[in-house]
Peer 1: 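Have a look at this one before I ask anything.
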Amino acid sequence: MIDLKLLRKQPEIFYESLKKRNQTTEIIDQIIALDKEWRSYLNQVNNLKSKRNELSKNVARLKAEGKSEQADELITQSKTVGDEIADLEAKQNELEAQMLSLALYVPNTPHESVPIGKDETENVEIRRWGEPRKFDFEPKPHWDLGTDLGMLDFDKGSKLSGSRFTVMFGQIAKLERSIAQFMLDVHTSNGYTEVNVPHLVKRETITATGQLPKFSEELYTCERDDLFLIPTAEVSLAALHIGDVLDEDMLPLKYTAFTPCYRREAGSYGKDVRGLIRQHQFEKVELVWYAKPDNSFDALEQLTHDAEKILQLLGLPYRVITLCTGDIGFAAAKTYDIEVWLPSYNGYKEISSCSNDTDFQARRGNIRYRAKDGKMNYVHTLNGSGLAIGRTLVAIMENYQNPDGSITVPEVLRPYMKTEVIK
RNA sequence: GGAGAGAUGGCCGAGUGGUCGAAGGCGCUUGCCUGCUAAGCAAGUGUGGAGGUAACUCCACCGAGGGUUCGAAUCCCUCUCUCUCCGCCA
């Protein structure tokens, strides 16, 4: 949710923001017009209410004094004022509702450090880590590796649930679990609090975090109960403190959660159809920070490094890119994507997305903190995958494969897997 | 799933139609007092919105949303959540 007071004072910020995002700006004109009209009604209504309050006080006093004829006279007056209020207030509420529903569709303002660009082709790579392995044999894609090992079964996934669902057996199933546990152990030893969250959330919860109303197509819903399956643990973690006033001393709060994620993947027909890359259900370890506004962009650097650390410990080559203004997400002011090297793609594939949403979610969810000077401010929320587990599994399988189709278990996972090779 | 009780400020808790944004207590802040601490005394102590350079003024908020009324914390309806009992259950 954007700051309407800022919109009144400096509308140019928002025109600029939408232009940078390569989007049209009529919505800003509409909001400004509605806001102006709304305020004029608000003032009239407030003045009339003030008048009615005054009359009511006098009615009370006159009745107490036993002067009921005089009181009746004021009651008649008050009735007229009341009717007037009802009319104007109805109009005011309508304008307010229109204005807010539009405001919910305005994306966050990109940070000044975000490169300008029209779409994903203009994202900027900022660093690389590790060298992609040179194979002295023909490496297999993970779907062949897994199927040949008898541990990935795409047919059974389809049989049970349709396309983009997979069944895992044996060591691969265990690898998935080991990766999750490894990630949580690294993050918790790094200052994150592990949280176990609900996977079904209420409409208002997911609205506060920004997935609704705009992205309802992506969500699985349980209509009967008006509940939504989370597309990421970010929803639950970022909603933890809805309505709270935190102490400045508590910040930053750093949370991590391991959950499945459910996504309809509407509009991605034909994309990544083979293998585990794009599933309707996948597991992920998520990182979420509640930070102070003055250092939230430093926090984004830290959070991104925390996610990168997992890939470094696993010995998986990756690169980090900054999303340009045309590609950053709706709620984000700045986003880094981490992409891992996948032999089957002969390229880098997104495995984590780390964003600073600044006060965008905090405003929707009314998440504030009390500063030392006693002032109330909105917190800044940040989130990032640390990491997507399915894709990490894919990266390990493909990068650590052997000529005989077996897979070497990365050093750091051996304590969890209790074996050196999957075969 | 059935029956009942409840939700008031940072906390406890009064308040069932009228000068109630809300008694009282606790806590907190400031000042006084005091070898120190404690106690005592005094004042202050919510959030959001609109207007104003500002001092300040006005409006709203007693779980949420509607309704009745000239007027609602108080009456009515719906919802959410909490607690107790019964049933069921991993």
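Here is how names work: the chains are called A, B, and so on, in the same order as the sequence lines, proteins then strands, and each is numbered from 1.
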Peer 1: Please give, in whole Å, the distance from A60(B) P to Lys49(A) NZ?
Peer 2: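 About 5 Å, once rounded to whole Å.
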Peer 1: Does this structure show an ion pair linking Arg278(A) with Glu265(A), if we count only N-O contacts that are shorter than 4.0 Å?
Peer 2: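 Judged by the 4.0 Å cut-off on N to carboxylate O distance, Arg278(A) and Glu265(A) do form a salt bridge.
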Peer 1: What interatomic distance, in whole Å, is found between P of G63(B) and the corresponding atom of C56(B)?
Peer 2: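 These two P atoms come out 30 Å apart once rounded.
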Peer 1: Measure from CD on Gln70(A) to P on G18(B) and round the result to the nearest Å.
Peer 2: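 So the two atoms are 20 Å apart, to the nearest Å.
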Peer 1: Tell me if a side-chain donor or acceptor on Arg368(A) pairs with a main-chain N or O of Ala362(A) at a distance below 3.5 Å.
Peer 2: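 No, the answer is negative, given that no donor and acceptor are paired below the 3.5 Å cut-off.
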Peer 1: For the pair made of CZ in Arg8(A) and C1' in G51(B), what is the distance, rounded to whole Å?
Peer 2: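 Distance, rounded to whole Å: 12 Å.
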Peer 1: Just to verify, which of Asn108(A), Thr335(A), Asn383(A) counts as forming a side chain to side chain donor-acceptor pair (under 3.5 Å) with Asp357(A)?
Peer 2: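 Among Asn108(A), Thr335(A), Asn383(A), the one that satisfies the side chain to side chain donor-acceptor pair (under 3.5 Å) with Asp357(A) is Asn383(A).
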Peer 1: Is any side-chain nitrogen or oxygen of Ser50(A) closer than 4.0 Å to OP1 or OP2 of C59(B)?
Peer 2: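 Looking at the OP1 and OP2 atoms of C59(B), one of them is under 4.0 Å from a side-chain N or O of Ser50(A).
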Peer 1: Quantified in whole Å, what is the C1' atom distance between nucleotide C75(B) and nucleotide U82(B)?
Peer 2: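 C75(B) and U82(B) have their C1' atoms separated by 24 Å.
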Peer 1: Which word best sums up how the rings of His280(A) and Phe165(A) line up, parallel for under 30°, tilted for 30 to 60°, or perpendicular for over 60°?
Peer 2: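 Rings of His280(A) and Phe165(A): tilted, as their planes differ by 30° to 60°.
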Peer 1: Taking only the side-chain heavy atoms of Val59(A) (C-beta and beyond), determine which of C58(B), U80(B), G18(B) contains the nearest atom.
Peer 2: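 When the side chain of Val59(A) is considered, G18(B) is the closest of C58(B), U80(B), G18(B).
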Peer 1: Measuring only the P atom in each nucleotide, how far is A38(B) from C28(B)? A whole number of Å is fine.
Peer 2: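 Pairwise P distance, A38(B) against C28(B), rounds to 10 Å.
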Peer 1: Could you please name the option among G18(B), U80(B), A50(B) that lies closest to any side-chain atom of Asn43(A)?
Peer 2: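 Out of G18(B), U80(B), A50(B), the nucleotide with an atom closest to Asn43(A)'s side chain is A50(B).
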Peer 1: In whole angstrom, what separates Asp225(A)'s CG from C79(B)'s C1'?
Peer 2: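 Rounded to whole Å, this separation is 14 Å.
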Peer 1: Just verifying a value: how many Å separate Glu26(A) CD and Leu18(A) CG, rounded to the nearest 0.5 Å?
Peer 2: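 The CG atom of Leu18(A) is 9.5 Å from CD of Glu26(A), to the nearest 0.5 Å.
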Peer 1: Taking atom P of U19(B) as reference, at what distance in whole Å does atom CD of Glu65(A) sit?
Peer 2: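 After rounding, the gap between these two atoms is 15 Å.
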Peer 1: Between C61(B) atom P and Leu42(A) atom CG, what is the distance in whole Å?
Peer 2: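 Atom CG in Leu42(A) sits about 13 Å away from atom P in C61(B).
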Peer 1: From CD of Gln44(A) over to C1' of G49(B), roughly how many Å is that when rounded to an integer?
Peer 2: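 Computing the Gln44(A):CD to G49(B):C1' distance gives 17 Å.
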Peer 1: Which heavy atom of Ala333(A) sits nearest a heavy atom of Thr109(A), and at what distance?
Peer 2: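 In terms of heavy atoms, the two residues are closest at CB-O, 3.4 Å.
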Peer 1: Is there a side chain to side chain contact (heavy atoms under 4.5 Å, CB included) between Leu200(A) and Cys222(A) once you walk through the steps?
Peer 2: CA-CA 9 Å; Leu200(A) 284 163; Cys222(A) 303; 3.7 Å; yes
Peer 1: Report which part of the nucleic acid Asn47(A) touches: base, sugar-phosphate, or nothing (heavy-atom distance under 4.0 Å, all strands).
Peer 2: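 No contact.
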Peer 1: To the nearest Å, give me how far apart CZ (Arg39(A)) and P (A60(B)) are.
Peer 2: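 Distance check: Arg39(A) CZ to A60(B) P gives 20 Å.
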Peer 1: Rounding to the closest angstrom, what is the interatomic distance between C59(B) and A73(B) at atom P?
Peer 2: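 About 14 Å, rounded to a whole number of Å.
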Peer 1: Which label fits Trp289(A) and Tyr192(A): parallel for a plane angle under 30°, tilted from 30 to 60°, or perpendicular past 60°?
Peer 2: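 Perpendicular.
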Peer 1: To the nearest 0.5 Å, what is the distance between CZ on Arg391(A) and OG on Ser385(A)?
Peer 2: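 Answer rounded to 0.5 Å: 9.0 Å.
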Peer 1: Grab the two heavy atoms, one from Leu303(A) and one from Gly384(A), that are nearest each other, plus how far apart they are.
Peer 2: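 So the minimum-distance heavy-atom pair works out to CD2-CA, 3.8 Å.
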Peer 1: If you measure from the P atom in G24(B) to the same atom in C32(B), how many Å do you get, rounded?
Peer 2: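 Here G24(B) and C32(B) have their P atoms 26 Å from each other.
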Peer 1: Pick the C1' atom in U57(B) and in G66(B), then give their distance to the nearest Å.
Peer 2: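 About 31 Å, rounded to a whole number of Å.
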Peer 1: RNA chain B: Asn53(A) or Arg61(A), which has the more 5' nearest nucleotide?
Peer 2: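 Going by which nucleotide is closer to the 5' end, it is Arg61(A).
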Peer 1: Look at Asp155(A) together with Lys159(A) and state whether they make a salt bridge at an N to O cut-off of under 4.0 Å.
Peer 2: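 So Asp155(A) does not pair with Lys159(A) through a salt bridge.
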Peer 1: For C70(B) and Arg52(A) - does any side-chain N or O of the residue sit under 4.0 Å from the phosphate oxygens OP1/OP2?
Peer 2: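 Answer no for this pair, as no side-chain N or O of Arg52(A) is under 4.0 Å from OP1 or OP2.
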Peer 1: Pick the P atom in A7(B) and in G13(B), then give their distance to the nearest Å.
Peer 2: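 One P to the other, the span is 10 Å.
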Peer 1: Using the closest heavy atom to pick a nucleotide of RNA chain B for each, name whichever of Asn93(A) or Leu74(A) lands nearer the 5' end.
Peer 2: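 This one resolves to Asn93(A).
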Peer 1: Could you summarise the pairing of RNA chain B as dot-bracket text, marking Watson-Crick and G-U pairs under 3.5 Å with ( ) or [ ] inside the strand and | across strands?
Peer 2: ((((((((.[[[..)..(.....]]]((((((.......))))))((((((....)))))).[[[[[..)....]]]]])))))))....
Peer 1: What's touching nucleotides 45-48 of chain B from the protein side, N or O pairs under 3.5 Å?
Peer 2:
{"from": "U47(B)", "atom 1": "OP1", "to": "Arg370(A)", "atom 2": "NH1", "distance (Å)": "3.4"}
{"from": "U47(B)", "atom 1": "O3'", "to": "Arg368(A)", "atom 2": "NH1", "distance (Å)": "3.1"}
{"from": "G48(B)", "atom 1": "OP1", "to": "Arg368(A)", "atom 2": "NH1", "distance (Å)": "3.3"}

Peer 1: Does a side-chain N or O from Lys57(A) land closer than 4.0 Å to OP1 or OP2 of U19(B), or not?
Peer 2: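 No, because none of the side-chain N or O atoms of Lys57(A) sits under 4.0 Å from OP1 or OP2 of U19(B).
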Peer 1: Determine the interatomic distance between C1' on C20(B) and the same-named atom on A54(B); round to the nearest Å.
Peer 2: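 Those two atoms are separated by 30 Å.
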